[in-house]
Amino acid sequence: MRLDVVTIFPEYLEPLNVSLVGKARARGQLDVHVHDLRDWTYDRHNTVDDTPYGGGPGMVMKTDPWGDALDQTLADGYEGGAHGPVLVVPTPSGRPFTQELAVELSERPWLIFTPARYEGIDRRVMDEYATRMPVYEVSIGDYVLAGGEAAVLVVTEAVARLLPGVLGNAESHRDDSFAPGAMANLLEGPVYTKPPEWRGRGIPDVLLSGHHGKIARWRRDEAFRRTAAHRPDLIERCDPAAFDKKDREILSMMGWAPEPGGRFWRRLDDVEE
Ligand code: ADE
């Protein structure tokens, strides 16, 4: 997979040399190119922003540096044999970045990221490139960062670990919380490793029992409990046909009740925080 990132802070992308993404690069599984947007400015101050039409606070990133940078990035990529580019524009007003979207992006051969600063990029840039390639405007969460670079790191890491051969164990993302198709997208429960006792704290006996069926049941119960506590929205979205007797007991203990249609809702009146 080829990745291009155009940014006014190339040094912010240094973590792409480290850990899983760094190793994928070193192995040739990821071909990463980071570009300085200011290389496509031609005035003395290397200006990339200007005041917004219509007034208001902040500055807007100008069309010309982005247009020239993207034209050149595309030309260089095609010349280097890349194909099928997708433009990924991090913005708090984008669609939520989910595991499903990570899987979709991991299947594309070429991602071009345009992390913005200030109030964002002049709309015409996205409209222009949308005539030539898919444009994904993505938000990594309901909070506002100072710029899109951290979002590029998040998206890249989520995508890179899905590429064939990048994670050591091919099984390792099948069980991910949020893996598409995972039963009800349960969050993963707690995990333990040696030593068996630490500061007076042991580990659950069942994990030492060697009984695979019981261990699987325990893991599911823990995942279920955690999901109900931290992400009630995921439980509410579930088809209740996927819940077994034990799941229902856990939900009931945690203050959930089935409504007549069968879906589970949290009884807010008797939930302890
Ligand atoms: N830029 C600023 N905030 C962002 C967010 N939440 N997601 C993606 N890009 C952003």
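These numbers were taken from a predicted model, which means no experiment stands behind them. When a ligand or atom number is given, it counts from 1 through the structure's own listing order. In this chain, numbering begins with 1 at the start of the sequence shown.
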Is there any N or O on V144 that sits under 3.5 Å from an N or O of ligand 1?
->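 No - when backbone and side-chain N and O of V144 are compared with those of ligand 1, no distance drops under 3.5 Å.
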For I140 and ligand 1, does the shortest N/O to N/O distance drop below 3.5 Å?
->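 N/O-N/O distance under 3.5 Å: yes.
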Which atoms of ligand 1 are found less than 4.0 Å from any heavy atom of [X]?
X	answer
V138	8 (C)
S139	6 (N), 7 (N), 8 (C)
P90	8 (C), 9 (N)
A151	8 (C), 9 (N)

Would you please determine whether G147 falls within less than 4.0 Å of ligand 1 on a heavy-atom basis?
->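 Right, G147 reaches ligand 1.
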Nearest protein heavy atom to [atom], by residue and atom, and its distance?
atom	result
atom 6 (N) of ligand 1	Y143 O, 2.8 Å
atom 9 (N) of ligand 1	T91 N, 3.2 Å
atom 3 (N) of ligand 1	L145 N, 3.0 Å
atom 1 (N) of ligand 1	P92 CD, 3.5 Å

Least distance between heavy atoms, [X] atom then [Y] atom:
X	Y	answer
W66	T114	CZ3-CB, 3.5 Å
Y12	L153	O-CD1, 3.9 Å
P232	H230	CD-C, 3.4 Å
Y143	P92	O-CB, 4.2 Å
R248	P240	NH2-O, 2.9 Å

Should the heavy atoms of other residues, nucleotides or ligands under 6.0 Å from CZ of R123 be counted, would the total exceed 12?
->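 Above 12, so yes.
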In terms of heavy-atom contacts, does CG of D205 have more than 12 from other residues, nucleotides or ligands at under 6.0 Å?
->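 Check fails, neighbour count at 12 or below.
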Under 6.0 Å between ring centres, would you say that holds for W256 and F243?
->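 No, they do not, as the ring centres are separated by 6.0 Å or more.
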Heavy-atom distances under 4.0 Å are what count here, so tell me which part of D142 touches ligand 1: side chain, backbone, both or neither.
->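 It is neither; nothing of D142 touches ligand 1.
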